[in-house]
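Sequence positions, counted from 1, serve as the residue numbers for this chain.
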Amino acid sequence: MSRLSISEAIQRVVGVLSDTGDTDQVLSAVATSARRMMLADEAYILLRDGGRLVLRASDGLPEGLLGRSFVRMGEGLEGWVAEHGEALA
């Protein structure tokens, strides 16, 4: 896997945005671009659905997990960040 620059990642996402209005495809492009920018093993996007976070896009995780509840608000790192609206860095 080759590393993407920020400008390359933005160009890829903008390309998907201009080609399709499909939210799932855009989220997938964002996850893939983020993974390649950071040379990570995986990248995923969780969206809030009531009191839980649902896996909406990923790169590097099994596809069968998409649409499944990942964590509840306040649980784990992801849940804490979603609940408090603050980054942990």
Side-chain angles (χ1 to χ4, degrees):
M1 172 173 46
S2 61
R3 184 177 200 144
L4 285 181
S5 69
I6 292 174
S7 63
E8 290 171 321
I10 291 170
Q11 287 174 348
R12 287 176 185 252
V13 172
V14 168
V16 172
L17 278 169
S18 65
D19 289 343
T20 180
D22 183 63
T23 302
D24 291 333
Q25 288 182 358
V26 173
L27 292 174
S28 179
V30 170
T32 299
S33 295
R35 180 181 180 198
R36 290 197 50 204
M37 278 178 30
M38 296 186 285
L39 296 176
D41 293 330
E42 59 192 37
Y44 52 91
I45 297 173
L46 302 171
L47 296 182
R48 185 176 183 171
D49 182 11
R52 61 195 177 111
L53 299 175
V54 176
L55 183 65
R56 285 292 305 272
S58 72
D59 188 23
L61 295 178
E63 287 188 28
L65 297 176
L66 289 179
R68 294 189 180 189
S69 179
F70 197 76
V71 295
R72 294 184 196 282
M73 295 295 288
E75 289 183 350
L77 293 174
E78 296 92 342
W80 189 93
V81 169
E83 185 174 73
H84 293 92
E86 299 176 30
L88 290 176

For this session: Indicate the atoms forming the closest heavy-atom contact of M73 with L53, along with that distance.
Result: SD-CD2, 3.8 Å
Problem set entry | Joint hydrophobic cluster, W80 plus Y44, side-chain heavy atoms closer than 4.5 Å | no
For this session: State the CG-CD1 distance between L4 and I10, to the nearest 0.5 angstrom.
Result: 11.0 Å
Problem set entry | side chain to side chain contact (heavy atoms under 4.5 Å, CB included) partner of R56, the single match among L46, L66, D24, D49 | D24
Exercise. Nearest 0.5 Å, what's the CD1-OG distance between I45 and S58?
Worked result: 9.0 Å
Problem set entry | I6, CD1 atom: more than 12 neighbouring heavy atoms under 6.0 Å | no
Which atom pairs, one a donor and one an acceptor, fall under 3.5 Å between side chains of residues 31-41 and the rest of the protein, sequence neighbours left out?
{"unit_1": "T32", "atom_1": "OG1", "unit_2": "S28", "atom_2": "O", "d": "3.0"}
{"unit_1": "S33", "atom_1": "OG", "unit_2": "A29", "atom_2": "O", "d": "2.9"}
{"unit_1": "R35", "atom_1": "NE", "unit_2": "A40", "atom_2": "O", "d": "3.1"}
{"unit_1": "R35", "atom_1": "NE", "unit_2": "D41", "atom_2": "O", "d": "3.1"}
{"unit_1": "R35", "atom_1": "NH1", "unit_2": "D59", "atom_2": "OD1", "d": "3.3"}
{"unit_1": "R35", "atom_1": "NH2", "unit_2": "D41", "atom_2": "O", "d": "2.9"}
{"unit_1": "R36", "atom_1": "NE", "unit_2": "S2", "atom_2": "O", "d": "3.1"}
{"unit_1": "R36", "atom_1": "NH2", "unit_2": "S2", "atom_2": "O", "d": "3.3"}
{"unit_1": "R36", "atom_1": "NH2", "unit_2": "S2", "atom_2": "OG", "d": "2.7"}

Problem set entry | Side chain to side chain, V54 and R52, heavy atoms closer than 4.5 Å | yes
Problem set entry | Donor-acceptor contact below 3.5 Å, side chain R48 vs main chain G50 | yes
Problem set entry | same_hphob_cluster(L27, V14) at 4.5 Å side-chain heavy-atom cutoff | no
